Amino acid sequence: MGKKIESSYFTELALKYSRYNSQEIKISSLKNTNLKQIERKGKYLIWNLIGKNDYTILNHLGMTGSFNIYEKKKQLQNHLNKEKKNYVKVVLEFTDESSCVFDDMRNFGRFHLFSSYENLTNRYPAVAKIGLDGFNFSLEDFKSALELKRNKNKALGILLLDQRFVAGIGNIYKSESLWRAIISPYKIAGDLKHEEILRLSKSIQEVLNDAIIDGGSTIKNFKSNKVEGKAQEWHAVYGKEDLPCLRCNAKIKRIIQNKRSTFFCENCQSGKKSR
DNA sequence: AGGGTTCCCTGTCGGC
DNA sequence: TGCCGACAGGGAACCC
């Protein structure tokens with residue numbers, strides 16, 4: 001933080017994609033601005049740059065995005081020259097010789113420049129509508145969110161992926177949270193009993209925080225389907241179709257909700273199958 | 001307005 | 001063995 005940008009560019013690879021080559025602000029305009037802060041909103045990162053003109057960047061890692069930070073120019077060169085196929089999209093070099101590289105294999109990530117936060121949210125309204133922060137939220141706020149008109153009639157397996165409800169949950173932790181809370185993914189949000197709301201609220205925050213502690217390496221070492229690292233060691237249901245439930249030994253089931261896989265134990269995660 | 005569907009993108013894997 | 005289609009994921013664009 002506080003570093004001054006000496007040069008900034010999208011790579012040739014990045015410029016092949018419209019999400020990078022059609023931006024209204026040139027990335028080279030970041031030169032001589034200072035990186036003031038990076039703020040997280042759900043799964044988005046909002047960069048604030050201050051200079052002659054100020055800029056706001058909307059950044060999302062998508063599935064496979066990652067950042068590498070280097071202290072020396074040489075390390076940056078090594079990264080860019082890697083013989084192994086790389087997927088560098090953005091390079092930022094700072095005046096103190098350090099640098100930062102945004103890699104994104106599957107190109108689901110974002111790095112979009114704006115001249116103000118207002119312009120950013122005009123272009124991406126979803127950013128302004130982000131819900132509770134899944135890492136830390138109060139029971140009251142969770143309860144109110146469950147009671148919202150647009151939420152109360154939805155099945156939890158669907159609702160948990162809605163970033164306007166609780167932000168930060170992805171498809172893996174959706175299933176894991178429900179398993180820990182012992183609640184069916186079919187269960188309708190508005191039908192939750194007080195005890196269930198307590199358990200779900202707790203399990204969401206636990207799962208996400210556990211994932212950060214243990215899962216950092218999983219993401220970093222992400223290699224297609226072969227997840228390496230610690231987070232996967234405690235997955236109870238995700239990707240475990242037909243394996244025994246750790247709680248009751250029944251077979252884990254896989255269903256599709258909104259075109260997404262949901263894994264759960266039909267035996268112990270009881271609930272109305274109304275949808 | 002709000003819900004549902006399609007598309008973006010690439011590596012892996014199952015099936016023929 | 002080799003090719004091909006299906007699949008996975010988060011979220012925006014698009015449709016009705």
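Because the structure is a prediction, the values reported are computed rather than measured. The figures that follow rest on heavy atoms only: side chains count, while hydrogens, waters and symmetry mates do not. Numbered from 1 within each chain, the chains take letters A, B, ... in sequence-line order.
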Could you list all the side chain to side chain donor-acceptor pair (under 3.5 Å) pairs where at least one residue sits in residues 8-35 of chain A, not counting sequence neighbours? A:Glu24-A:His112

Would you say A:Lys43 places a side-chain N or O within less than 4.0 Å of OP1 or OP2 belonging to C:dG11? yes

B:dC8 OP1/OP2 closer than 4.0 Å to side-chain N/O of A:Asn107: no

First encountered from the 5' end of DNA chain B, between A:Arg164 and A:Arg260: A:Arg164

Whole-Å distance between B:dG3 C1' and A:Lys259 NZ? 14 Å

Categorize A:Gly170 for me: base, sugar-phosphate, or nothing, with a 4.0 angstrom heavy-atom threshold over every strand shown. sugar-phosphate

Output all residues satisfying salt bridge (Lys or Arg N to Asp or Glu O under 4.0 Å) with A:Lys143, sequence neighbours left out; order by chain, then residue number. none

Quick check on C:dA8: is either OP1 or OP2 less than 4.0 Å from any side-chain nitrogen or oxygen of A:Ser261? yes

For the pair made of CG in A:Asn258 and P in C:dA8, what is the distance, rounded to whole Å? 14 Å

Taken in chain and number order and not counting sequence neighbours, the residues that satisfy side chain to side chain donor-acceptor pair (under 3.5 Å) with A:Arg40 are A:Asp133

To the nearest angstrom, how far is A:Tyr17 atom OH from B:dC7 atom P? 18 Å

Show the atom names and distances, to 0.1 Å, of all donor-acceptor pairs under 3.5 Å that link a side chain in residues 238-247 of chain A to residues at least two apart or in another chain.
from: A:Arg247; atom 1: NH1; to: A:Trp179; atom 2: O; distance (Å): 2.8
from: A:Arg247; atom 1: NH2; to: A:Trp179; atom 2: O; distance (Å): 2.9

Could I get the full list of side chain to side chain donor-acceptor pair (under 3.5 Å) partners for A:Tyr87, not counting sequence neighbours? none

Whole angstroms only, please: what is the OH-C1' distance between A:Tyr238 and C:dC7? 10 Å

Taking only nitrogen or oxygen atoms into account, show me every contact under 3.5 Å that the protein makes with nucleotides 12-16 of chain C, one pair per line with its distance.
from: C:dA12; atom 1: OP1; to: A:Tyr44; atom 2: OH; distance (Å): 2.1
from: C:dA12; atom 1: OP2; to: A:Tyr44; atom 2: OH; distance (Å): 3.4
from: C:dA13; atom 1: OP1; to: A:Arg123; atom 2: NH1; distance (Å): 2.6
from: C:dA13; atom 1: OP1; to: A:Arg123; atom 2: NH2; distance (Å): 3.0

Charged N to carboxylate O under 4.0 angstrom, A:Glu206 versus A:Arg180? yes

So, is A:Gln163 close to the C:dG10 phosphate, meaning a side-chain N or O under 4.0 Å from OP1 or OP2? no

Going by distance alone, is a donor N or O of one side chain under 3.5 Å from an acceptor N or O of the other, for A:Lys154 and A:Asn151? no

Does A:Phe102 have A:Lys89 sitting over its ring (NZ/CZ under 6.0 Å from centre, angle to axis within 45°)? no

Does A:Asp162 have any side chain to side chain donor-acceptor pair (under 3.5 Å) partners at least two apart in sequence or in another chain, and if so, which? A:Arg164

With A:Asp141, which residues qualify under side chain to side chain donor-acceptor pair (under 3.5 Å), at least two apart? A:Ser138

Interatomic distance, A:Lys174 NZ vs C:dG9 C1' [rounded to whole Å]: 11 Å

Looking at C:dA8, I'd like to know if its phosphate oxygens (OP1 or OP2) sit under 4.0 Å from a side-chain N or O belonging to A:Arg254. yes

Taking atom C1' of B:dT10 as reference, at what distance in whole Å does atom CG of A:Leu13 sit? 12 Å

Report yes if at least one side-chain N or O of A:His60 is closer than 4.0 Å to OP1 or OP2 of C:dG11; otherwise report no. yes

Would you mind reading off the distance between A:Ile158 atom CD1 and B:dG4 atom P, rounded to a whole angstrom? 7 Å

Counting only distance, no hydrogens or angles, is the base of C:dA8 paired donor-acceptor with the side chain of A:Arg106 under 3.5 Å? yes

Tell me whether the ring of A:Phe108 lies stacked over the C:dG11 base, given a 5.5 Å limit on centroids and a 30° limit on the plane angle. no

Writing each nucleotide of DNA chain B 5' to 3' as (, ), [, ], | or . by Watson-Crick or G-U pairing under 3.5 Å yields .|||||||||||||||

Which whole-number value in Å describes the distance from A:Lys16 NZ to B:dC8 P? 17 Å

